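Written below as structure tokens is the structure these notes are about.
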Amino acid sequence: MNIATDLYNILFFVLLIFSAWCAWKISVADWRRRIIPDVYLFPLLLSGLVITVFFPWPGTIAESIIAATFGYLLAFLTGFIFEKTNHKNKNAISPIGFGDVKLITTGGIWLGTVGLATALIISCIAGIIWGKYKKQKFIPFAPFFILGGILALLANSFLL
């Protein structure tokens with residue numbers, strides 16, 4: 001092998017490890033404080049863009065951009081509708097925050113359209129089961145979405 005190929009592969013694995021670390025930090029922060037810090041979210045988004053563009057990845061950059069746009073619009077409209085329907089109740093809290101919207105957008109970059117849909121289904125089902133089991137009113141979305149994203153990525157890479 002030549003040195004350029006080795007550096008290319010090393011950079012790919014460094015980006016994957018860095019992205020896994022960002023995803024872990026996002027999950028922990030959302031689990032503990034119910035907040036998704038941009039300091040980990042934006043590097044995860046950028047590393048997803050770099051990997052999708054320059055490295056062999058299950059999806060194309062066009063599919064990733066479409067999925068990110070669709071994910072953003074879907075999540076934003078969901079939060080907006082809940083916000084408008086609960087405007088009379090001052091104690092009502094929107095079920096989705098803007099950090100979740102940005103996380104779903106990032107998931108679209110990483111997973112593409114099919115992967116994003118799969119991740120959303122897995123994360124919503126897992127979150128509902130967890131919330132019912134623990135009898136919790138508020139459920140952190142990021143840990144379940146990241147788990148769903150990993151499972152969706154594995155399914156898209158190896159099964160489809």
Side-chain angles (χ1 to χ4, degrees), residues 1-76 78-79 94-131 136 138-160:
M1 295 192 111
N2 75 31
I3 194 140
T5 305
D6 292 341
L7 290 175
Y8 180 81
N9 291 333
I10 290 170
L11 179 61
F12 178 71
F13 286 113
V14 166
L15 282 171
L16 283 181
I17 291 168
F18 174 72
S19 300
W21 178 78
C22 287
W24 173 256
K25 296 298 273 187
I26 288 168
S27 294
V28 169
D30 195 30
W31 190 268
R32 290 182 181 164
R33 298 178 288 147
R34 290 192 352 219
I35 190 167
I36 299 174
D38 290 341
V39 70
Y40 304 118
L41 187 61
F42 289 142
L44 183 63
L45 176 91
L46 290 175
S47 63
L49 282 171
V50 168
I51 286 175
T52 305
V53 170
F54 295 110
F55 296 95
W57 200 247
T60 64
I61 187 62
E63 183 183 2
S64 294
I65 298 296
I66 291 169
T69 304
F70 176 74
Y72 177 83
L73 291 173
L74 178 71
F76 180 77
T78 301
S94 177
I96 188 167
F98 198 62
D100 296 326
V101 173
K102 293 183 283 188
L103 181 64
I104 292 169
T105 303
T106 302
I109 293 292
W110 277 92
L111 303 169
T113 52
V114 174
L116 180 62
T118 305
L120 285 171
I121 291 169
I122 291 170
S123 61
C124 289
I125 291 171
I128 289 169
I129 292 170
W130 178 263
Q136 289 182 327
F138 300 107
I139 302 164
F141 182 68
F144 296 107
F145 182 72
I146 290 171
L147 175 66
I150 292 168
L151 293 174
L153 184 62
L154 290 172
N156 284 347
S157 296
F158 297 112
L159 299 178
L160 298 179

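The structure displayed is predicted, hence computed values, not measured ones.
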Minimum heavy-atom distance [X]-[Y], with the two atoms named:
X	Y	value
S47	S19	OG-OG, 2.7 Å
G59	T52	O-CG2, 4.3 Å
F141	C124	CE1-SG, 4.5 Å

Can you check whether F55 and Y8 have ring centres sitting under 6.0 Å from each other?
yes
How far does [atom1] of [X] sit from [atom2] of [Y], to the nearest 0.5 angstrom?
X	Y	atom1	atom2	answer
Y72	L74	OH	CG	12.5 Å
C22	F42	SG	CZ	12.5 Å
I139	I128	CD1	CD1	7.5 Å
I35	I26	CD1	CD1	12.0 Å
I122	I150	CD1	CD1	10.5 Å

Using side-chain heavy atoms (C-beta onward) and a distance below 4.5 Å, is L153 in contact with T118?
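The answer is no, as the side chains (C-beta and beyond) never meet within the 4.5 Å cut-off.
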Only counting residues at least two apart or in another chain, list the ones meeting side chain to side chain contact (heavy atoms under 4.5 Å, CB included) with P143.
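Result, side chain to side chain contact (heavy atoms under 4.5 Å, CB included) vs P143: S27, D30, W31, P140.
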Distance-only check: which donor-acceptor pairs under 3.5 Å involve side-chain atoms of residues 101-116, not counting sequence neighbours?
{"residue": "K102", "atom": "NZ", "partner": "D38", "partner atom": "OD1", "Å": "2.6"}
{"residue": "K102", "atom": "NZ", "partner": "D38", "partner atom": "OD2", "Å": "3.1"}
{"residue": "T105", "atom": "OG1", "partner": "V101", "partner atom": "O", "Å": "2.9"}
{"residue": "T106", "atom": "OG1", "partner": "K102", "partner atom": "O", "Å": "3.0"}
{"residue": "W110", "atom": "NE1", "partner": "L44", "partner atom": "O", "Å": "3.0"}
{"residue": "T113", "atom": "OG1", "partner": "E63", "partner atom": "OE2", "Å": "3.1"}

K25: partners by salt bridge (charged side-chain N to carboxylate O under 4.0 Å, His left out), with sequence neighbours left out:
none
Test W21 against Y40 for ring-ring contact (aromatic ring centres under 6.0 Å, His included), laying out the working first.
CA-CA 9 Å; W21 178 78; Y40 304 118; 5.5 Å; yes
